[in-house]
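As C-alpha cells, the structure follows; a few thoughts come after it.
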There are 2 protein chains.
Amino acid sequence: MISSQMLKGVLEGSILAIIQQKEVYGYEISQTLKGYGFGEISEGTIYPLLLRLEKNGCLTSVYSESKQGPKRKYYLLTEKGKQELEEFQINFQEMVKAVFDLLEIKK
Amino acid sequence: MISSQMLKGVLEGSILAIIQQKEVYGYEISQTLKGYGFGEISEGTIYPLLLRLEKNGCLTSVYSESKQGPKRKYYLLTEKGKQELEEFQINFQEMVKAVFDLLEIKK
DNA sequence: AGAGGTATCTTGCATTACAAGGTAAAGCCG
DNA sequence: CGGCTTTACCTTGTAATGCAAGATACCTCT
C-alpha cells in the first residue's frame, strides 16, 4: 500500500483527474481510488480535500437525490480546476523524472 | 520546480539513494539534489531529515576535516537503511503506476 | 580586519493524510 | 415496527514533514 506521506500533494491532483473524467460524488471517489491501487483512502482525507478545492474555486458541486441512500454531492471541475490539473500533471512528471534519474544510477 | 507537498515521502528515499551511491555530507546532498532537478532544497529540510534517519538507525556518520571550510559530517547507509531504500523504490513505483493509470484514461 | 563561501544545526510555522467519531437516509429482515 | 447494514456526508484533533529564518563557526582572500 502507498505510504501516507507519499500521497501528499499527489492525492489532490488525482482527485481532480477523477472528477474530470465524469461527475462523481465523494463516496464514489474513495471507491475509485481503491480501484486504481491507491489503497483505502480514508473519508477523513477525502471530504476535507474536496471542501478545500471547492472553497478554492477549483470545483463546484450539486446535490442530487439517490434511490439507495442519502443525497449525493456531485462535483464538477471549474476552469481553474482544469488549470490546476494540468499543472499537477507537469509537476508530477517532473518529480518522477528526477527520482527515476536518481534511482537508476545504482543499477 | 517540484512542489513542496509532492516532495513529502519522496525526499527521504531520494537522500538514501544518494548516500548509497557514495559517502556524502549534508551540504553536498543539497547540491546533488539540485543537479537532479529537485530544485533548491532548503538546509532546514535536509539536516533534520538526516538527523532523523541517523537516530532511526538508517544512517551512521563520521566527522572529517576539510581543507576548505569547517568539518564535514559524512553519512553511510546501515543495513536497515538499505532495506528502507528498497522498500521506498517498490513503494514509489507502485504510486507512480497508480497515478499514471489514472491520468492516462483521459487521453 | 572584513567579506564571502562552506558547513552544520535549531526553532517555529504551514500543509495535509488520517483515525475516530457524529449525523442521517434508505433497504432488509424478523 | 425495531434493529441492522450500507450508503453518504462532515468535523475535530493529531502526526509527519518541508521550509523560512536565523545562529554558529571555519577557511580563504583581500
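Here is the naming used below: chain letters follow the sequence lines, and residue numbers restart at 1 for every chain.
Atom-to-atom, CD1 of B:Ile46 to P of D:dT17 comes out at 15 Å; the value is rounded to the nearest Å. One can place CD of A:Glu65 at 16 Å from P of C:dA24, the figure rounded to the nearest angstrom. A:Gln31 has its CD atom 8 Å from the P atom of D:dA8, to the nearest Å. Between the CD atom of A:Glu28 and the C1' atom of D:dT6 there is a distance of 16 Å, given to the nearest Å. Atom OH in B:Tyr27 sits roughly 17 Å away from atom P in D:dC26 (whole-Å rounding). Rounding to whole angstrom units, CG of residue B:Leu50 and P of C:dC9 are separated by 8 Å. To the nearest angstrom, P of D:dT6 lies 16 Å from CZ of A:Arg72. The separation between B:Leu51 atom CG and D:dA16 atom P is 16 Å, rounded to whole Å.
When atom types are taken as modelled, the side chain of B:Glu54 and the backbone of B:Tyr75 share no donor-acceptor pair closer than 3.5 angstrom. Between the side chain of A:Ser30 and the main chain of A:Glu43, no donor-acceptor pair closer than 3.5 Å is present. Looking at B:Thr78, its side chain does come within 3.5 Å of a backbone N or O of B:Cys58 through a donor-acceptor pair.
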For nucleotides 13-20 of chain C, tabulate all protein N/O to nucleotide N/O atom pairs closer than 3.5 Å, reporting atom names and distance.
| unit_1 | atom_1 | unit_2 | atom_2 | d |
| --- | --- | --- | --- | --- |
| C:dT16 | O2 | A:Lys8 | NZ | 2.8 |
| C:dA17 | OP1 | A:Gly9 | N | 3.4 |
| C:dC18 | OP2 | A:Thr45 | OG1 | 3.0 |
| C:dC18 | N4 | A:Gly44 | O | 3.3 |

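B:Arg72 and B:Glu28 are not joined by a salt bridge, as no carboxylate oxygen comes within less than 4.0 angstrom of a charged side-chain nitrogen.
Under a cut-off of 6.0 angstrom, the local environment of NZ in B:Lys80 is crowded, with over 12 non-hydrogen atoms contributed by other residues, nucleotides or ligands.
A distance of 11.5 Å separates CG of A:Leu11 from CD of B:Gln5, quoted to the nearest 0.5 Å.
Contacts of B:Tyr63 with the nucleic acid, taken as non-hydrogen atoms under 4.0 Å apart, involve only primed sugar atoms and P, OP1 or OP2.
Nearest heavy atom pair, residue B:Leu50 against residue B:Gly26, reads CD1-CA, 3.8 Å.
Here B:Tyr47 reaches the OP1 or OP2 of C:dT8: one of its side-chain N or O atoms lies under 4.0 Å away. Between A:Lys73 and D:dC10 there is a side-chain polar atom (N or O) within less than 4.0 angstrom of OP1 or OP2. Contact between the side-chain N/O atoms of A:Tyr25 and the OP1/OP2 oxygens of D:dA8 is found at a separation under 4.0 Å.
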